[in-house]
Amino acid sequence: MVHIEIPDGVLPLWLVALGFIILAPLLYLATKKVEEDLDKARVLPLMAALSAIMLVVMSLELGLTHVNLSVLSGLILGPYPAVIAVFITMVMLSLVGHGGITVIGLNTLLVSMESMLGYFIYKGLRRIARPSIGAGVATFVVLMTSAILLVGIGALSNVELGLFIEAHDETLRAAIPLKEFAVTVMSIATIGAVIESLIVGSTVGYLATVRPDILAGGS
Amino acid sequence: MIDYFANRKDSRLHTASALSKVIATLIVIASVVMNSNLRALIIILGIILLTVRISKLPLGRILKWGIYPVVFAAVFAIGIFVRDVAGLGVFSALHTPAVLMLRSLCAALSLILLLSTTPYTQVFALSRRFLPELIVGTMILTYRFFFILIDELDNLMRVMRLKGGGLSVRKIIDNLGDYGRIVGVLLIRSIDLSERMYKIFLVRGYRGVFSMGEETRLGPSDVYPLTMGFLIMAVSLKARGMF
């Protein structure tokens, strides 16, 4: 998962406000779709379980990155419930200081895009590839797309671009111009995307063997 | 621990309504985010710490929790300081980093203060005013599931290590498959958990609404959080020269 770990008070107000303005109709649409198309009593605990899983797996120590399973959540929940699960995950993360409360909007948009796009890519690849390969490829493509969007947000913002980088290396977080910022983000994102793709691919392979019904994607 | 503090009723802030405390927290965050005046931010931090003391919360522990996001801000601040120090000199180059760190510390402390004086169910119940019931219900269950699943993960990791699984940083590549299977087992457990919850919902006649008791109404105790909020807003506006 590529997301913004910036605390409150760093990003310009218009940018964080824009995040919430775009998020509001998306969240409304997702809620409507879930309420109309799915069994609410069944999907509610499932969304909660996936939100909790996204939070829990962040504690897995993987060196300079962490996984979040945004794509896997999309595969299991389907695109609309995944938006709600991601929103809740971002709210919970902000309450523990992992990204400010003001960046919930931008973070939810970014990570929801990962879940939704991942779901559709996986669905397309399922016809030609094994589940583990399809999930791994979908995860990699989506995380790289998300990293490009992160660079876009960085370019839109007036803050020091080094603040966005999610590496745990202080020197990499120093203020740097756009080109270097883009190169750094994409390098770190590639490492993270490879790690998460392998984990998601392995997880989906395991699930496809022992509980294939789980991968039904919101049905 | 935060739950334990939140459910104590031994201070005036604890007995205040969730509504007033959420309003005060939002005022504090807005005031802090829009403020670049170092002196004002120090005063705001002082007011928040004073409120922590008045709320009979352990200052050291609350500060320790509040420092976590400051670590993120500090890493950014160091980068800005290193960039600016040659051109501006040490004292001037410290201004922006100090503002960034104080902003994140004040925002984090105000959130911790809210969560340490208000049971989470009350905070989530309040979010019903602006969020759909589906999201509020999911939020409550997420909070409950999180603690169950973090224990599950802890057990799975322990089992893996006892069986010789080397989940060390040096062996990451070799063990990514193991990680994948751990996540798979955890997912199956979490989905089983959600299915059990679904059956409980059916047995209890779930109709789409979680019962979280009555929302607390505004009362005399609400003077305390609201005073803190408006005092901080006044400090912030004064620093911006708005009065």
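Per chain, numbering begins at 1; letters A, B, ... match sequence-line order.
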Next on the checklist: Go through it in stages, so that I can follow the logic: the residues are B:Val33 and A:Val16, the test is side chain to side chain contact (heavy atoms under 4.5 Å, CB included), and I'd like the CA-CA distance, side-chain angles, deciding distance and then a yes or no.
Outcome noted: CA-CA 11 Å; B:Val33 164; A:Val16 294; over 6 Å; no
Checklist entry - If you look at every heavy atom in A:Ala49 and B:Ser190, which pair is closest and at what distance? => result CB-O, 3.5 Å
Checklist entry - If you round to the nearest 0.5 Å, how far is CG of A:Leu44 from CZ of B:Phe201? => result 5.5 Å
Next on the checklist: Is B:Asp192 close to chain A through its backbone or its side chain, or both, or neither, when contacts mean heavy atoms under 4.5 Å?
Outcome noted: side chain
Item to check | Euclidean distance, B:Leu153 CG relative to A:Leu55 CG, rounded to 0.5 Å | outcome: 12.0 Å
Checklist outcome for this item: Bottom line for A:Arg42: the part with an atom under 4.5 Å from chain B's heavy atoms is both
Item to check | B:Leu186, B:Thr142, B:Ile191 screened by side chain to side chain contact (heavy atoms under 4.5 Å, CB included) with A:Ile53, the one that passes | outcome: B:Leu186
Next on the checklist: Give me the atom names and distance for the closest heavy-atom approach of A:Ala48 to B:Leu141.
Outcome noted: CB-CB, 3.4 Å
Checklist entry - Considering the options A:Val204, A:Leu72, A:Ile214, which one meets the side chain to side chain contact (heavy atoms under 4.5 Å, CB included) requirement together with B:Leu187? => result A:Leu72
Checklist entry - If you check every heavy atom in residues 28-36 of chain A against those of chain B, which residues fall under 4.5 Å? => result A:Thr31, A:Val34, A:Glu35
Item to check | Portion of B:Glu152 that has a non-hydrogen atom of chain A nearer than 4.5 angstrom | outcome: neither
Checklist entry - For A:Leu13, is it the side chain, the backbone, both or neither that has a heavy atom under 4.5 Å from a heavy atom of chain B? => result side chain
Next on the checklist: Please check if the number of heavy atoms outside A:Arg130 that lie under 6.0 Å from its CZ is greater than 12.
Outcome noted: no
Checklist outcome for this item: Checked A:Gly201, A:Ala85, A:Ala52 vs chain B; the most non-hydrogen pairs under 4.5 Å come from A:Ala52
Checklist outcome for this item: OG1 of A:Thr89 to CE of B:Met139, rounded to nearest 0.5 Å, is 10.0 Å
Item to check | Least distance between heavy atoms, A:Ser202 atom then B:Arg181 atom | outcome: OG-N, 4.0 Å
Item to check | Among the listed options B:Val99, B:Ile148, B:Ile112, B:Ile150, the residue most often paired with chain A at heavy-atom distances under 4.5 Å | outcome: B:Ile150
Checklist entry - Rounded to the nearest 0.5 Å, how far apart are CD1 of A:Ile84 and OG1 of B:Thr138? => result 6.5 Å
Next on the checklist: Heavy-atom pairs under 4.5 Å with chain A: which of B:Leu114, B:Leu111, B:Ile29, B:Val183 has the most?
Outcome noted: B:Val183
Item to check | Greatest number of heavy atom pairs closer than 4.5 Å to chain A - which of B:Trp65, B:Phe145, B:Tyr143 | outcome: B:Phe145
Checklist entry - Which region of A:Leu46, side chain (C-beta onward) or backbone (N, CA, C, O), has a non-hydrogen atom less than 4.5 Å from a non-hydrogen atom of chain B, or is it both or neither? => result both
Item to check | Leading residue by heavy atom contact count with chain B [cutoff under 4.5 Å; candidates A:Ser51, A:Gly205, A:Ala41] | outcome: A:Ala41
Checklist entry - chain B heavy atoms under 4.5 Å from A:Val194: which part of the residue, side chain, backbone, both or neither? => result neither
